[in-house]
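Below is one structure, written out as structure tokens; the observations come after it.
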Amino acid sequence: MSRRSVRTVSIALVACLAVATACSSQGGAQEEEKNSGGGGTNTAAGPRLKMAMVTHAPAGDTFFDIIRKGADAAAANDNVEYTYSNDGDPTRQATLIENAVNSKPDALLVSVPAPTALRASIQKAVAAGIPVIGFNAGREAYQDWGAIMYFGQDEGIAGNAAGVRLKEESAGKVLCVIQAQGQSQLEARCNGVKAGFGGEVENINVNGTDLTSVRSTLESKLRQDPAITHVITLGAPFALTALQAKQASNSKATIVTFDTNSELVGKIESGDIAWAVDQQPYLQGYMSVDAAAFYIRNGNVLGGGKEVLTGPAFIDKSNIAAVSKYAKAGTR
Amino acid sequence: MSQTLVAPPPAPQTDERLVRKSMLGRLMARPEVGALAGAIVIYVLFFVVAPPFREAPSLATVLYQSSLYGIPAVGVALLMIGGEFDLSAGVAVITSSLVASMTAYQLSVNVWVGVLVSLVVALGIGLLNGYLLVKTRLPSFLVTLATFFMLTGLNLAVTKIVSGGVATKDISDIDGFDSAHAFFASDVVIGGMNLRITLFWWAVFVGVATWVLLRSRTGNWIFAVGGADASARAVGVPVRKVKIGLFMTVSFVCWFTGMHILFSFNTVQSGQGPGNEFLYIIAAVVGGCLLTGGYGSAVGAAIGAFIFGMTEQGIVLAGWEADWFKFFLGAMLLGATLLNVYIRQRAETRL
């Protein structure tokens with residue numbers, strides 16, 4: 001770089017910083033700091049435990065972020081230290097599980113969307129005497145693959161509940177939006193919706209890593225088929241995108257969704273999105289760590305070996321007030 | 001002693017380079033003609049099979065989605081004409097919006113400050129790509145693949161550290177949001193059609209790039225660098241500067257796209273973006289840019305983006321079975337590109 005360009009760049013940077021400090025704005029982090037208060041407790045309940053959590057989460061997923069916040073909170077409360085790894089591809093997730101087993105944790109916490117592919121790796125943990133807790137995905141066969149407890153919702157039951165509610169609201173035609181083509185738990189939700197609703201449900205695949213493309217595709221779909229009365233998305237960010245698509249295409253369809261995040265809660269408050277099926281991911285993360293700690297330190301098994309369902313619960317206008325402050329703190 | 005130089009009698013026009021081509025012939029030899037034919041065929045196809053495709057609002061959506069592939073593709077096409085690749089473009093879009101959003105939110109400053117800081121960061125990424133390329137002489141495939149992974153990781157990790165979550169906070173109540181939104185992500189109603197502003201910016205970028213390619217010295221340099229690197233260097237073309245500049249151009253258009261995404265969704269999710277770099281390359285290639293460099297046009301890349309956007313939305317508008325979506329997409333792209341190649345060959349042999 002020539003000296004002149006070095007000088008230009010430094011002047012630009014200084015100018016940026018000067019502007020940054022000079023023109024303070026409303027909103028933003030400073031406001032957030034003013035609003036938030038309080039603090040957590042951090043009580044040690046026994047010798048420090050080491051755990052490993054391996055999930056099938058895609059990178060940067062807002063839903064799994066809430067699970068991790070729950071796990072973080074439990075880890076802080078229970079004097080647990082845990083490592084986290086994730087990969088959406090079953091063969092790579094299996095490798096991650098084996099790596100975790102090799103590090104000899106006190107407990108292994110896993111989400112298992114593909115039991116047949118992951119069974120062998122998980123059973124290595126069982127063989128090594130490491131207690132395994134399942135959460136979020138893998139309910140159908142968690143005892144087969146060796147978990148002693150399971151926290152999550154049944155995708156079929158959750159989908160079914162959503163379908164029944166759609167039927168109560170006398171929906172005409174439902175569009176079920178799948179953000180990653182070919183994932184079994186997503187298909188299971190849409191199938192559940194279909195079973196509970198009993199009417200016409202059409203699935204549509206969108207490219208979940210590109211929200212503008214999701215928006216355009218839904219815009220096109222809503223124009224193509226005016227018979228659609230309800231759009232159900234399988235994740236909160238896609239519900240917000242579907243809302244924009246609805247506005248752009250002048251559709252009258254009602255938007256409903258699985259799962260929440262803080263932005264979505266605001267849209268339920270304002271009535272733009274009718275309701276969300278909540279599987280309480282914070283609880284899934286928290287309970288996995290907490291129950292594992294209890295099991296190791298006190299021999300407790302929650303649910304008597306039966307699955308503990310964390311959902312489905314509905315969030316709508318009637319109960320949104322109670323939920324919204326938690327959602328803004330990232331725990332719902 | 002002076003000598004009178006007798007000019008040799010003008011040679012009969014045997015040299016084919018001197019033959020004046022007909023207007024039509026010259027037009028047919030343009031890189032984008034084949035792509036245009038492909039676009040027309042696909043347009044007619046969907047016009048026939050998908051009734052909603054015929055309506056103006058649907059066309060607006062198709063054009064909008066095409067513009068989001070097309071704006072980055074302008075830079076990517078220039079870079080490909082210059083003989084290089086950029087695999088980090090898809091993630092760099094999201095990096096730009098993350099930087100802008102987090103700067104504005106965390107420092108509680110006017111969003112335009114965030115926009116400018118992210119422009120500096122984005123151009124820095126292009127500079128880094130270009131600098132590494134000319135310094136290490138590694139293929140651009142490798143250099144930008146490395147940047148791709150690093151940016152993917154940084155996007156997730158830094159977002160998590162800074163904002164405590166995997167998505168950035170909503171910045172819509174911060175000063176300057178409205179003007180930035182108007183600049184990057186507003187709608188314009190023309191004749192009852194709701195057109196997004198990216199469409200106009202796209203046209204501007206294509207226009208500027210075309211002018212640079214065809215009417216400026218830099219344009220000659222780009223073709224020279226991509227077509228014959230060594231000879232370009234020999235005749236004094238600043239090859240390194242041109243390549244670094246091209247990478248920075250890609251960064252600029254990616255930054256612009258990132259700003260659109262930020263101001264139309266208010267928050268950005270850090271895991272978005274990977275995979276889109278291929279769509280930009282697809283747009284450029286379908287539009288007639290050669291993968292080997294030295295040939296192509298910005299208008300062609302725009303038509304390529306339009307073909308992709310039209311096919312993607314057309315399949316939905318036609319109501320074709322969702323499970324087959326990607327198959328149809330691939331098959332139609334193959335068809336459009338084959339037609340493109342066929343027409344170009346016909347055009348070249350006829351001259």
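What's counted below: heavy atoms across the whole structure, side chains too, no hydrogens, waters or symmetry copies. All of these numbers come straight from a predicted model, not from anything done at the bench.
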>> To the nearest 0.5 Å, what is the distance between OG on A/Ser249 and CG on B/Asn194?
In response: 11.0 Å
> Say you draw a straight line from CZ of A/Arg223 to CD of B/Glu55; how long is it, rounded to the nearest 0.5 Å?
Replying inline: 8.0 Å
>> Evaluate B/Val316 against A/Glu219 for side chain to side chain contact (heavy atoms under 4.5 Å, CB included), listing each step before the verdict.
In response: CA-CA 9 Å; B/Val316 177; A/Glu219 262 179 54; over 6 Å; no
> Given side chains that start at C-beta, do those of A/Asp61 and B/Val166 come closer than 4.5 Å, heavy atoms only?
Replying inline: no
> Is the number of heavy atoms from other residues, nucleotides or ligands under 6.0 Å of B/Tyr131 OH greater than 12?
Replying inline: no
> Can any side-chain N or O of B/Gln272 pair as donor or acceptor with the backbone N or O of A/Leu211 at less than 3.5 Å?
Replying inline: yes
> With only heavy atoms counted, which part of A/Pro58 is less than 4.5 Å from chain B, the side chain, the backbone, both or neither?
Replying inline: neither
> Rounded to the nearest 0.5 Å, how far apart are CG of B/Asp170 and OG of A/Ser262?
Replying inline: 8.5 Å
> So what's closer than 4.5 Å to chain A heavy atoms on B/Tyr69: side chain, backbone, both or neither?
Replying inline: side chain
>> As an exercise: rank A/Glu202, A/Glu263, A/Arg68 by heavy-atom pairs under 4.5 Å with chain B and give me the winner.
In response: A/Glu263
> In terms of heavy-atom pairs under 4.5 Å, which option from B/Leu317, B/Leu156, B/Ile94 contacts chain A the most?
Replying inline: B/Leu317
>> Within the 4.5 Å heavy-atom criterion, are B/Lys160 and A/Asp65 side-chain neighbours or not?
In response: yes
> Is chain A contacted by the side chain of B/Ser264, its backbone, both, or neither, given a heavy-atom distance below 4.5 Å?
Replying inline: both
>> Counting only heavy atoms not in A/Lys267 (residues, nucleotides, ligands), do more than 12 fall under 6.0 Å from its NZ?
In response: no
>> I need the residue from A/Gln224, A/Lys221, A/Gln181 with the largest number of non-hydrogen atom pairs under 4.5 Å to chain B.
In response: A/Gln224
> Is chain A contacted by the side chain of B/Asn276, its backbone, both, or neither, given a heavy-atom distance below 4.5 Å?
Replying inline: side chain
> CD/B/Gln269 to CG/A/Asn261 distance, rounded to the nearest 0.5 angstrom?
Replying inline: 7.5 Å
> Which distance, rounded to the nearest 0.5 Å, do you find between the CD of B/Gln65 and the CG of A/Asp210?
Replying inline: 6.0 Å
>> Does any backbone or side-chain atom of A/Asn205 lie under 4.5 Å from a heavy atom of chain B? Answer side chain, backbone, both or neither.
In response: both
>> Need one label for B/Gln313: side chain, backbone, both or neither, based on atoms under 4.5 Å from any heavy atom in chain A.
In response: both
> chain A: which of B/Pro57, B/Ala167, B/Ser270, B/Gly271 shares the most heavy-atom pairs with it under 4.5 Å?
Replying inline: B/Pro57
>> Can you tell me how far apart CD1 (A/Ile204) and CZ (B/Phe325) are? Round to the nearest 0.5 Å.
In response: 8.0 Å
> Which answer fits A/Gln244, side chain, backbone, both or neither, if we ask what part of it has an atom under 4.5 Å from a heavy atom of chain B?
Replying inline: side chain
> Can A/Thr217 and B/Glu312 be counted as having a side-chain donor-acceptor contact under 3.5 angstrom?
Replying inline: no
>> When you measure from the centre of the six-membered ring of B/Phe265, is the NZ or CZ of A/Arg215 closer than 6.0 Å and no more than 45° off the axis?
In response: yes
